[in-house]
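Residue numbers start at 1 and run along the sequence shown. Only a predicted model underlies this, so the values are computations on that prediction, with no experimental measurement involved.
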Amino acid sequence: MAIAATALVLTSCAKHDFFDDDNITGKVGPEAYWEVGSAVVAAGNNMDFTAQYYSSASEIDHSEVWYDIEEILDKNVTCPWTVSFTYTLSSNITEQKRVSQLIKKYDHKPELWSDSLHAFLLKGTFPISGTLAPFEWKQPAVFDSTKMEQYFGPTYMADFKEAVHQKMKFADYRKMYIGMGKLDDFTQYTDSTEDRNQGEGVYVYHFPKNASGEEIIPYAIDSIWQTIGFAELVENSAGGYYEVEYKRSYKLNAIMRVYDVRGVYGRTVSKEISIN
């Protein structure tokens with residue numbers, strides 16, 4: 001019985017080779033390798049490449065370059081008017097804008113064979129669209145609310161102002177209002193408390209407090225806040241520009257496919273190329 005059981009197991013293994021099942025996935029295509037001229041290319045230019053390929057299974061028919069396109073958005077906005085905190089909103093988003101597509105086809109020629117390489121050697125170029133040029137709106141001297149909504153979204157300015165407001169303290173209001181010319185004198189809204197933790201005779205300035213010891217922002221101060229627009233919050237008056245940065249750029253992931261006469265193809269590794 002033991003011998004019979006062993007024979008059954010061996011027979012089962014012979015009929016169901018899991019290694020073979022997992023690894024033989026289809027017809028063998030051409031082998032291919034390539035290098036591109038650079039990791040960076042200007043929009044509207046051509047990218048150089050050098051490729052090597054061969055096939056041990058069938059004759060080569062042609063090769064193709066394919067690539068997808070990714071869009072990178074960098075956004076950075078800062079309020080320069082605060083002293084108790086630094087408020088900057090930054091984001092970096094990469095999104096696929098176009099799936100991989102055929103860009104250019106190359107006919108195969110027997111004379112491309114290289115005896116030294118034992119492979120076919122193809123040198124060529126493929127085009128980069130001029131529409132992929134980077135765009136930047138950085139520290140503009142003139143603020144444009146239409147562009148702000150277009151690049152950052154319709155609620156961004158209101159959301160930014162509210163986020164700054166939530167963090168504002170006495171020192172921030174004082175610097176902002178005096179610096180923006182909203183108030184000439186902040187004295188009437190100022191109270192002080194001696195802070196012995198910092199030393200005798202050291203006073204901390206703040207808004208007047210209620211009976212519970214909580215600072216109360218005066219109505220007049222809050223009313224002025226309502227009149228301040230987003231553009232004023234991000235204006236760097238000393239530098240003569242607005243603390244807004246938006247940059248849109250692109251990169252592509254390119255591969256080469258080498259097809260044989262059966263329509264089976266092998267592919268190279270992907271090359272990431274930034275566009276400037």
Side-chain angles (χ1 to χ4, degrees), residues 32-53 61-78 88-109 112 121-160 230-231 234 236 240-259 263 265-276:
Y33 168 82
W34 77 333
E35 291 291 342
V36 295
S38 174
V40 180
V41 63
N45 284 7
N46 289 322
M47 172 60 76
D48 299 327
F49 71 85
T50 301
Q52 301 175 29
Y53 59 84
D61 184 74
H62 72 279
S63 55
E64 300 172 350
V65 168
W66 291 58
Y67 60 68
D68 66 13
I69 296 174
E70 294 182 344
E71 181 182 71
I72 304 99
L73 297 179
D74 287 297
K75 303 177 184 181
N76 191 75
V77 180
T78 299
T88 299
L89 279 183
S90 299
S91 65
N92 176 275
I93 301 173
T94 299
E95 180 182 1
Q96 187 177 63
K97 300 301 289 185
R98 194 182 75 186
V99 298
S100 189
Q101 295 182 4
L102 170 62
I103 303 303
K104 190 172 181 179
K105 179 180 177 181
Y106 308 85
D107 293 332
H108 172 65
K109 299 176 182 178
L112 295 176
L121 179 63
L122 172 64
K123 295 183 178 182
T125 64
F126 57 90
I128 307 298
S129 172
T131 63
L132 300 178
F135 170 79
E136 188 173 72
W137 188 49
K138 181 178 180 180
Q139 296 181 341
V142 178
F143 184 77
D144 188 326
S145 60
T146 301
K147 288 183 178 179
M148 195 70 204
E149 290 190 9
Q150 179 183 352
Y151 302 147
F152 291 82
T155 67
Y156 186 94
M157 290 185 282
D159 293 342
F160 184 93
F230 172 82
V234 297
N236 188 318
Y241 59 86
Y242 293 86
E243 298 273 13
V244 175
E245 297 181 16
Y246 171 90
K247 182 178 180 180
R248 181 178 65 239
S249 58
Y250 297 92
K251 65 179 179 180
L252 56 88
N253 300 292
I255 63 167
M256 170 167 278
R257 294 182 179 185
V258 180
Y259 288 80
Y265 71 86
R267 52 163 288 176
T268 64
V269 297
S270 177
K271 298 293 185 180
E272 182 178 285
I273 302 170
S274 298
I275 303 172
N276 63 14

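Closest approach of I275 to A42, counting heavy atoms only: CG2-C, 4.4 Å. Nearest heavy-atom pair across P127 and K104 is CD-CD, 4.3 Å. Annotation for A254 and Y67: closest pair CA-CB, 3.6 Å, computed over non-hydrogen atoms.
With a 4.5 Å cut-off on side-chain heavy atoms, W137 and M148 count as touching. When side chains are defined from C-beta on, K271 does not count as touching M256, because their heavy atoms never get closer than 4.5 Å.
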Query raised in the report: Under the side-chain contact (heavy atoms from CB on, under 4.5 Å) criterion, do K138 and K247 qualify, and how do the steps go?
Result: CA-CA 8 Å; K138 181 178 180 180; K247 182 178 180 180; over 6 Å; no
Query raised in the report: Is there a side chain to side chain donor-acceptor pair (under 3.5 Å) between R257 and Y259 once you walk through the steps?
Result: CA-CA 6 Å; R257 294 182 179 185; Y259 288 80; 3.0 Å; yes
Requested in this report: Let me see the working for T88 and S90 under side chain to side chain donor-acceptor pair (under 3.5 Å), right down to the final yes or no.
Outcome: CA-CA 6 Å; T88 299; S90 299; 5.9 Å; no
Query raised in the report: Given T50 and K123, is the side-chain contact (heavy atoms from CB on, under 4.5 Å) satisfied, shown in steps?
Result: CA-CA 5 Å; T50 301; K123 295 183 178 182; 3.9 Å; yes
**Report entry** Full working for side-chain contact (heavy atoms from CB on, under 4.5 Å) between T125 and D48
**Finding:** CA-CA 4 Å; T125 64; D48 299 327; 3.1 Å; yes
Requested in this report: Determine, step by step, whether Q139 and E243 satisfy the side-chain contact (heavy atoms from CB on, under 4.5 Å) criterion, reporting the C-alpha distance in whole Å, the side-chain angles of both residues, the deciding distance to 0.1 Å, and the verdict.
Outcome: CA-CA 5 Å; Q139 296 181 341; E243 298 273 13; 4.1 Å; yes
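Annotation: the span from I72 atom CD1 to K97 atom NZ amounts to 11.5 Å, rounded to 0.5 Å. The structure places CD1 of I128 at 13.5 Å from OH of Y250, a figure rounded to the nearest 0.5 Å. Atoms CG and NZ, on D68 and K251 in that order, are 9.5 Å from each other to the nearest 0.5 Å. One finds the CG atom of D74 at 4.5 Å from the CG atom of N92 (value rounded to the nearest 0.5 Å). Atom NE2 of H62 sits about 8.5 Å away from atom CG of D107, to the nearest 0.5 Å. The structure places OG of S274 at 12.0 Å from CG of L132, a figure rounded to the nearest 0.5 Å.
Among Y33, Y53, W34, the single residue meeting the side-chain hydrogen bond (donor to acceptor under 3.5 Å, both in side chains) criterion with T268 is W34.
Using bins of under 30°, 30° to 60° and over 60° for the plane-to-plane angle, the ring pair F160/F230 lands in the perpendicular bin. Between Y106 and F49, the ring planes are perpendicular. Angles over 60° get that label, and only those under 30° would be called parallel.
Within the 6.0 Å centre-distance limit, the rings of F135 and Y151 are counted as a close aromatic pair.
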